[in-house]
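Just so it is clear: chains get the letters A, B, ... in the order the sequence lines come, proteins before strands, and each one is counted from 1.
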Protein chains: 2
Amino acid sequence: MNLKELSEKLGLSQTTVSRALNGYPEVSEETRRRVQEFARRMNYQPNSNARRLATGKSNTIGHVVPLSEHDMLNPHFTDFVAGASKVYNRRGYDMLISVVNAGTEKEVYRNLARNRRVDGVIVHGPRVKDDRVRILTDLKLPFVIHGRTNDPEDGYCWVDVNNRRAFAKATEYLIEAGHRRIALINGLEFMTFAANRREGMEKALREHGIEPDAEIMFSSDMIEPNGYGAMTDFLSHRDPPTAVLCSSILTAMGAMRAMHERGFSVGRDLSLIAYDDCLSFLPSTGDHPSMTVMRSSIRLAGELCADMLIDQIEKKPGRRNHLLEAEFVIGSSTGPVRAKATA
Amino acid sequence: MNLKELSEKLGLSQTTVSRALNGYPEVSEETRRRVQEFARRMNYQPNSNARRLATGKSNTIGHVVPLSEHDMLNPHFTDFVAGASKVYNRRGYDMLISVVNAGTEKEVYRNLARNRRVDGVIVHGPRVKDDRVRILTDLKLPFVIHGRTNDPEDGYCWVDVNNRRAFAKATEYLIEAGHRRIALINGLEFMTFAANRREGMEKALREHGIEPDAEIMFSSDMIEPNGYGAMTDFLSHRDPPTAVLCSSILTAMGAMRAMHERGFSVGRDLSLIAYDDCLSFLPSTGDHPSMTVMRSSIRLAGELCADMLIDQIEKKPGRRNHLLEAEFVIGSSTGPVRAKATA
DNA sequence: AAGGCCAGTCAAAGCGCTTTGGCTATCGTA
DNA sequence: TACGATAGCCAAAGCGCTTTGACTGGCCTT
């Protein structure tokens with residue numbers, strides 16, 4: 001069933017039927033009702049490809065997500081998507097996901113733009129120095145960055161967490177509990193969020209007269225096995241840490257596994273603070289605060305990004321950026337420093 | 001830059017240019033070379049909406065994923081997508097993801113089909129009794145199911161794991177190690193895979209004269225907190241299990257957390273076998289076999305589904321279904337039954 | 001020399017919508 | 001009574017591709 005058939009059966013022109021269905025004011029209320037009711041009965045759905053061609057709008061948002069090594073798709077992405085898609089459903093957009101190998105990203109953006117397959121994109125995993133901003137600006141493709149680059153040049157939309165402050169605060173908390181030997185299990189530091197987290201931590205350390213030690217700082221994909229591996233290494237260091245900061249609950253779980261395996265009790269023998277993205281499939285601090293965390297919902301970030309992007313596409317007014325503050329929640333994974341632990 | 005401009009500048013008709021670019025044989029090799037080179041120089045990309053309208057093909061695969069309670073997106077989905085998207089990239093398809101609330105699924109399928117937004121869909125989380133098969137068949141929308149329904153009616157494409165056999169085998173392994181009190185932490189049992197797992201387990205139990213006890217069988221979303229909660233409950237049962245089967249590494253991690261918390265040693269005091277989907281962000285048995293698992297890669301399933309669906313869409317010959325066997329890998333989370341553990 | 005065939009090209013007709021620019025009653029106003 | 005405004009409808013022109021059907025000129029056959 002297409003518009004032509006529908007309008008013929010109704011004894012109306014395509015123009016009128018189209019207008020009736022799309023809520024234009026030039027049709028009488030009675031006609032509109034008749035048309036809409038008939039369309040529903042006939043199960044009429046406009047062909048979206050035709051509509052897209054005619055309007056030049058695709059009503060689709062693109063997500064270009066890079067695969068990291070081992071072809072892994074960042075699990076944090078799941079929750080971000082859950083948030084964003086909620087907004088897409090509400091506002092009538094489709095979500096196009098393009099999983100790409102790290103190198104080919106830019107070409108994919110170019111294609112999406114020239115193709116007119118999407119009305120805008122969300123940029124994931126911004127780097128400290130990232131030319132995607134310039135590319136997208138040149139292409140005149142609306143975009144929102146989940147995170148920021150470190151370039152001073154502003155003018156783009158972003159949603160980010162104050163990572164520096166969160167990690168500085170967590171570090172200070174540990175220092176006040178007497179820790180002076182604090183490890184870091186971070187994300188990949190060519191990405192801004194991870195770089196900022198390290199900066200925040202180092203700043204706090206230095207302000208308390210502690211020189212950061214690269215030997216107890218680790219950076220990689222934020223997945224369980226990496227947390228386990230890093231912590232295992234740290235614990236066999238000649239001068240092991242008494243506390244650790246983890247950039248994700250996933251690495252934190254790995255770290256805790258390593259600690260348990262060595263017979264350490266988390267919160268007593270060793271302290272741990274994790275960054276909690278509120279991943280829905282992992283233990284959170286909701287019910288029983290088992291972990292001390294800095295918390296900010298990545299799903300919320302997804303919602304904010306999506307809304308902001310659509311506002312921009314539809315030229316609606318609205319905020320151009322959001323700097324979220326992570327909530328600091330004290331759980332039982334931290335405690336005062338103890339006599340040096342021995343394996 | 002569109003086709004018209006391009007062909008004018010080349011002094012050719014749109015027909016010839018279109019054919020040259022799309023590899024039709026009716027153009028001379030020299031013309032083709034000239035056209036392709038010029039198109040590249042001009043950064044020409046055909047407008048995909050126009051192309052879709054003209055061809056009636058969208059070159060897009062739809063994934064309709066239901067949100068479970070708490071608006072959670074199944075984390076197992078991430079890896080499935082990683083696999084599928086690899087195929088989509090290779091074969092020139094886009095991936096459209098539609099996240100829906102559990103109830104509205106069918107309507108979404110109907111819309112996708114009538115809209116002509118996708119050429120086919122992948123059905124996730126099939127239920128024991130699932131009317132999506134009939135709906136999609138009626139709509140004549142090609143589809144592949146990740147899993148199966150339990151309806152005898154065949155004729156659709158699917159990729160599934162032999163869940164029954166995997167769980168029967170794991171159960172037998174535990175029984176042979178002397179366990180007679182075996183718990184189950186399963187997925188949602190209105191879904192076929194979970195129902196089959198339970199069946200496999202119960203069959204093995206009965207074959208060894210053990211009556212399944214519903215009090216140590218749990219069913220829910222396969223996420224860490226649920227594994228933790230279930231295991232905690234089991235351990236405070238008047239007759240606690242000596243072993244447990246988990247439907248996912250995620251619940252297994254939760255279960256292990258509960259065991260650790262009570263001071264139990266996994267593999268000595270209590271045995272655990274998990275179903276390992278090879279989720280890339282979780283510890284697998286690859287490096288050091290810490291967990292005894294039944295293993296089958298969900299990413300591989302994603303690849304198979306995608307290839308099968310595209311074959312179907314393009315009317316290429318190929319297999320219509322795949323029944324994968326899970327690999328049984330013995331790790332250190334299982335051992336002979338011990339004197340009854342006491343909390 | 002006439003006819004047939006083929007390679008290479010093109011004009012034009014869709015694909016199914018939206019949107020522009022009329023057109024016709026009808027009504028209020030002077 | 002006449003005239004402009006307006007509500008309600010329509011025909012037709014795109015949107016940027018693909019594809020059909022037709023047309024050339026050169027070459028081979030008989």
### Task
State whether B:Asn2 places a side-chain N or O below 4.0 Å from either non-bridging phosphate oxygen (OP1 or OP2) of D:dC15.
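So the side-chain polar atoms of B:Asn2 never come under 4.0 Å of the phosphate oxygens OP1 or OP2 of D:dC15.
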### Task
May I ask you to evaluate whether A:Tyr24 reaches the phosphate of C:dT19, defined as a side-chain N or O under 4.0 Å from OP1 or OP2?
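Answer is yes, contact under 4.0 Å.
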### Task
Specify the residues of residues 42-56 of chain A, ordered by number, for which at least one heavy atom lies under 4.0 angstrom from an atom of DNA chain C.
A:Tyr44, A:Pro46, A:Asn47, A:Ala50, A:Arg51, A:Ala54, A:Thr55
Inspect the contact between [Y] and [X] and indicate whether a charged nitrogen and a carboxylate oxygen are less than 4.0 angstrom apart.
X	Y	answer
B:Glu105	B:Arg127	yes
B:Asp307	B:Arg90	yes
B:Glu107	B:Arg110	yes
B:Arg32	B:Glu29	yes

### A:Tyr88 side chain to B:Ser98 side chain, donor-acceptor N/O pair below 3.5 angstrom
no
#### Entry: Donor on one side chain, acceptor on other, B:Thr192 and B:Asn150, under 3.5 Å
no
For [X] and [N], what is the distance between atoms [atom1] and [atom2] respectively, to the nearest whole Å?
X	N	atom1	atom2	answer
B:Arg32	C:dT9	CZ	C1'	13 Å
B:Asn59	D:dC17	CG	C1'	14 Å
B:Lys4	D:dT18	NZ	C1'	16 Å
A:Arg117	D:dC17	CZ	P	14 Å
B:Lys57	C:dG16	NZ	P	17 Å
B:Glu8	C:dA11	CD	C1'	14 Å
B:Asn115	C:dG16	CG	P	14 Å
B:Asn22	D:dC17	CG	C1'	10 Å

### Query
Below 6.0 angstrom between ring centroids: does that apply to B:Phe281 and A:Phe77?
no
### Task
Check whether the ring centres of A:His124 and A:Phe80 lie less than 6.0 Å apart, and answer yes or no.
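Yes, close enough.
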### Task
Could you encode protein contacts along nucleotides 4-13 of chain D as a string, one character per nucleotide from 5' to 3', using B for base contact, S for sugar-phosphate-only contact and - for no contact, with a heavy-atom cut-off of under 4.0 Å?
----BBBBB-
### Query
Stepwise, does the side-chain hydrogen bond (donor to acceptor under 3.5 Å, both in side chains) test hold for A:Ser18 with A:Thr15?
CA-CA 5 Å; A:Ser18 170; A:Thr15 310; over 6 Å; no
